[in-house]
Amino acid sequence: MSTPVRVRFCPSPTGSPHVGLVRTALFNWAFARHHGGQIVFRMEDTDRERSTQESYDAILELWRWLGLDWDEGIEVGGPHGPYLQSERGDIYRDVLSHLSASSYTYDCFCRNDEVEARRKASGSKAQGYDGFCRDLSAEQRAAFEAEGRQPIVRFRMPEGSITWNDAVRGEITFETENVPDYALSRANGDPLYTLVNPVDDAMMEITHVLRGEDLLSSTPRQLALFEALVELGIATSVPVYGHLPYVMGQGNKKLSKRDPEAHALAYREQGFIPEGLLNYLALLGWAISGDRDVFSMAEMVEAFDIDDVNPNPARFDLKKADAINTSQMRLLPLDEITHRVLPFLKADGVVADPVSDADAQMLELAMPLVGERINKLTEASTMLGFLFVDEADFVRHEELDGPGKDVVKAAYDALAGIDTWSTAAIEEALRVALVERLGLKPRVAFGPVRIAVTGRRVSPPLFESMELLGRDRSMTRLHDAMSEASGAAGSD
RNA sequence: GCCCCCGUCGUCUAGCGGCCUAGGACGUCGCCCUCUCACGGCGGUAACGCCGGUUCAAAUCCGGUCGGGGGUACCA
């Protein structure tokens, strides 16, 4: 048996969580679960300026909604804590001192403008730090300190080349001459991502680092640091790195926080179900097979592996996301849909919170009519609202024209005479009166009636709706509609 | 500039040397079903960036080229 897999979620709590972040988490999750491994959740909040509690909360909320669970870390604890980087300062300082004692790092006193000036003077076209402070003499150092300068700590990149076998891209090599010495800490002593990310991966015994392609070019320096950590006994081994493709927006730019479709939590608000979002996101860079794209997370876990991931960037396509969500909705049993739709109905004021017995009863009767008709949870409110509203608050969202009013009148008259108020009886009466007697096409016949009774052009099936609404309320609405219509049509 | 990544229908992808006159899905177009909507059914549209090479055989391997993207921070 090989080493058990350990992966991590390590978001920075800055801003609203991005769908790309979720995709990365999903692949890590599926990978770990597929291999029976473990997932560590830590928060990378070393950027005090940008980290916020709101973002932190939003991320956890999102993960829970999606069902991306973890085994160790934030809120569940574990043997490698704390899992909040802002609480690991002592650890980083300690690592830094070990690194420094073994000359893996050096203090750098340079200011940016000085580096810039030197580059200009030398005519070099290279970017990045020039290594000026690599081998400072005691005198030079003393002089800088006398000026009151505070040094930052830089990692001393080794000579030669660095190669790794990327889990999604295969072998990648960088010459270290193209990788400048880089900063591990700020002048004020605060550790930077470049330090804390590999250090935590080492100490938390992460075996596979699956992350966004945007971090690919920082991998050689992390690998170099890792070698140092191994030498120092801080890390036991170097993890496998795999760089997942970008999630792109419109055009050729990566999906930015400014794009509305980038915000993962917005999908919940729009009525997506987790199964739908996750399923769609899984398709961005991975496929379960050549002829299928709707699947459960259990199926994904069963089938997923990292070397099947496609390295090309994927464009986020909202239309397809919608379609996948619809397919997942169709897979839910009716009572589950009802259960999930309820919070939306409450939020929209369609039903009271808590739900009254009468509303609960109506809902149970009405859901079969809309369960297969809605593609998002939010659609239930507009579709069902007419059944729950008080007559005094009922509004028709569509106008009825003169002919429409006549149809409603005919419908009213036809329904006034029926004995039993049932779907079949209502349909029979209306068909005879409107289609047969008046010779109307069905859509012309039932359209005005639908508007009169439900207030909308689009509704659940009409006859069933009327049965549920009941005779009195249906007749009242028909009556109101034809009266109002005649009044409104009078001037035409 | 330098370094790195990527390159199959409009989009997401299947394909890992012959099963490919390239398959599926979304989109789109047409038709059917139909009391609206949604669903569903049928059919059409549309791609291996380009040039060389390897091979009996290349979308699949290699090289180049072009194109796109990313990095080049005391951000992550």
Side-chain angles (χ1 to χ4, degrees), chain A residues 10-12 14 44-47 49-51 108 110-112 124-129 150-154 166 168-169 172-175 177-180 182-194 196-197 211-220 243 245-246 248 251-254 280 282-294 308 310-324 326-327 329-330 370-375 379 382-383 427 430-431 434-435 440-447 449-451 454 456-465:
Chain A
C10 55
S12 300
T14 55
E44 305 217 331
D45 59 344
T46 51
D47 187 339
E49 300 286 306
R50 299 198 300 146
S51 297
C108 172
C110 296
R111 292 193 313 255
N112 268 335
S124 163
K125 63 279 168 244
Q127 300 283 303
Y129 187 63
Q150 293 291 315
I152 66 168
V153 176
R154 269 188 203 283
D166 195 277
V168 343
R169 287 153 212 274
I172 299 175
T173 298
F174 280 77
E175 299 301 325
E177 64 189 69
N178 295 315
V179 185
Y182 63 97
L184 293 176
S185 75
R186 292 195 169 91
N188 67 9
D190 284 350
L192 291 165
Y193 165 82
T194 50
V196 303
N197 182 275
R211 31 136 67 158
E213 182 184 347
D214 49 332
L215 292 165
L216 194 152
S217 57
S218 74
T219 302
H243 293 89
Y246 279 104
M248 312 287 284
N252 278 323
K253 40 189 199 339
K254 105 189 217 212
Y280 176 66
L283 260 18
L284 265 26
W286 184 73
I288 197 164
S289 74
D291 59 0
R292 191 158 78 107
D293 56 15
V294 176
D308 297 330
N310 189 327
N312 1 321
R315 213 151 317 256
F316 190 94
D317 180 359
L318 211 110
K319 288 232 183 72
K320 179 137 184 181
D322 280 342
I324 296 293
T326 297
S327 302
M329 288 277 286
R330 296 290 175 270
V370 299
E372 298 239 321
R373 224 170 281 275
I374 56 175
N375 297 336
E379 290 165 13
T382 44
M383 201 146 247
E427 174 164 12
L430 290 179
R431 281 201 190 276
L434 307 179
V435 179
L440 299 172
K441 291 195 169 230
R443 65 180 304 138
V444 178
F446 303 125
V449 180
R450 182 186 308 282
I451 289 170
T454 71
R456 297 181 184 276
R457 258 197 180 92
V458 175
S459 80
L462 181 59
F463 317 120
E464 287 85 344
S465 295

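A:R330 comes within contact range of the sugar-phosphate backbone alone, with a heavy-atom separation under 4.0 Å but no base atom that close. Residue A:R315 is classed as a sugar-phosphate contact, given heavy-atom separations below 4.0 Å to backbone atoms only. Using a 4.0 Å heavy-atom criterion, one finds that A:F174 contacts the sugar-phosphate atoms exclusively. A:A187 comes within 4.0 angstrom of a base, heavy atoms only. When heavy atoms are screened at a 4.0 angstrom cut-off, A:L216 is found touching the sugar-phosphate backbone but no base atom. When heavy atoms are screened at a 4.0 angstrom cut-off, A:G447 is found touching no nucleic acid atom at all. Among the atoms of the strands shown, none is found under 4.0 Å from any heavy atom of A:Q150. If you check every strand for non-hydrogen atoms under 4.0 Å, A:L215 touches a base. In this structure, A:T173 reaches the sugar-phosphate backbone alone: every heavy-atom distance under 4.0 Å involves primed, P, OP1 or OP2 atoms, never a base. Within 4.0 Å (heavy atoms only), A:D322 reaches no atom of the nucleic acid at all. In this structure, A:P461 reaches the bases: a heavy-atom distance under 4.0 Å links it to at least one base atom across the strands shown. Using a 4.0 Å heavy-atom cutoff across all strands shown, A:L462 reaches at least one base atom of the nucleic acid. Contact annotation for A:F463: base contact, defined as any heavy-atom pair under 4.0 Å involving a base atom. Using a 4.0 Å heavy-atom criterion, one finds that A:S12 contacts the sugar-phosphate atoms exclusively.
At least one test fails for A:R154 against the ring of A:Y182: distance under 6.0 Å to the centre or angle within 45° of the axis.
For the pair A:N375 and B:rC37, the criterion of a side-chain N or O lying under 4.0 Å from OP1 or OP2 is not met. Contact between the side-chain N/O atoms of A:R50 and the OP1/OP2 oxygens of B:rA76 is not found at any separation under 4.0 Å. Close to B:rC75, at under 4.0 Å from its OP1 or OP2, lies a side-chain N or O of A:R186. Residue A:N310 places no side-chain N or O under 4.0 Å from the OP1 or OP2 atom of B:rC6. Between B:rC2 and A:N178, no contact under 4.0 Å exists linking OP1 or OP2 to a side-chain N or O. The phosphate of B:rC74 (OP1 or OP2) has a side-chain N or O of A:R154 nearer than 4.0 angstrom. Note on A:T46: a side-chain N or O is less than 4.0 Å away from OP1 or OP2 of B:rA76.
Of the candidate nucleotides B:rU13, B:rA25, B:rC37, B:rA25 has the atom lying nearest to any side-chain atom of A:D293. Among the nucleotides B:rA25, B:rG10, B:rC6, the one closest to the side chain of A:R169 is B:rC6. If you check B:rG27, B:rU36, B:rC12 against the side chain of A:A314, the one that comes closest is B:rC12. The side chain of A:S217 approaches B:rG71 more closely than any other nucleotide in the set B:rG71, B:rC6, B:rC74. Minimum atom distance to the side chain of A:A287 is reached by B:rU13, of the listed B:rA76, B:rU13, B:rG7. Looking at the side chain of A:D317, the nearest of the listed nucleotides B:rG71, B:rU11, B:rC75 is B:rU11.
Within 6.0 Å of atom CZ in A:R457, 12 or fewer heavy atoms from other residues, nucleotides or ligands are found, so the atom counts as exposed in its surroundings.
Taking atom C1' on both nucleotides, B:rU13 is separated from B:rC56 by 32 Å, rounded to a whole Å. For B:rG43 and B:rA25, the P atoms lie 11 Å apart once the distance is rounded to whole Å.
A:E213 has a carboxylate O that lies under 4.0 Å from a charged side-chain N of A:R169, or vice versa, which qualifies the two as a salt bridge. Between A:R50 and A:D47 a salt bridge is recorded (basic side-chain N to carboxylate O distance below 4.0 Å).
Applying the 3.5 Å distance criterion, the base of B:rU13 shares no donor-acceptor pair with the side chain of A:R292. The base of B:rC35 is paired with the side chain of A:R450 by a donor and an acceptor separated by under 3.5 Å. In the interface, the side chain of A:R443 is not paired with the base of B:rC35 through any donor and acceptor atom under 3.5 Å apart.
Figure legend. B:rG30 is base-paired to B:rC42; pairs are counted as Watson-Crick or G-U wobble with both atom distances under 3.5 Å. Remark: B:rC56 base-pairs with B:rG18; criterion is Watson-Crick or G-U wobble with both hydrogen-bond distances under 3.5 Å. Base pairing of B:rC66 is made with B:rG7, judged by Watson-Crick or G-U wobble geometry with both donor-acceptor distances under 3.5 Å. Base pairing annotation: B:rA73 forms no Watson-Crick or G-U wobble pair, as no partner gives both donor-acceptor distances under 3.5 Å.
In the model, A:Q150 has no side-chain atom that pairs as donor or acceptor with a side-chain atom of A:N188 under 3.5 Å. Donor-acceptor pairing under 3.5 Å is lacking for the side chains of A:T46 and A:R186.
The distance from atom CD1 of A:I152 to atom SG of A:C108, rounded to the nearest 0.5 Å, is 4.5 Å.
For the pair A:N197 and A:C10, the minimum side-chain heavy-atom distance is below 4.5 Å.
With rounding to whole Å, A:R111 atom CZ is found 17 Å from B:rA73 atom C1'. Distance, A:R456 CZ to B:rC37 C1': 12 Å, rounded to whole Å. When rounded to the nearest whole Å, the span between NZ of A:K319 and C1' of B:rU28 equals 9 Å. As rounded to whole Å, 9 Å separates atom P of B:rU13 from atom NZ of A:K320.
Remark on RNA chain B: of its neighbouring residues A:P180 and A:E464, the 5'-side contact belongs to A:E464, judged by nearest-heavy-atom nucleotide.
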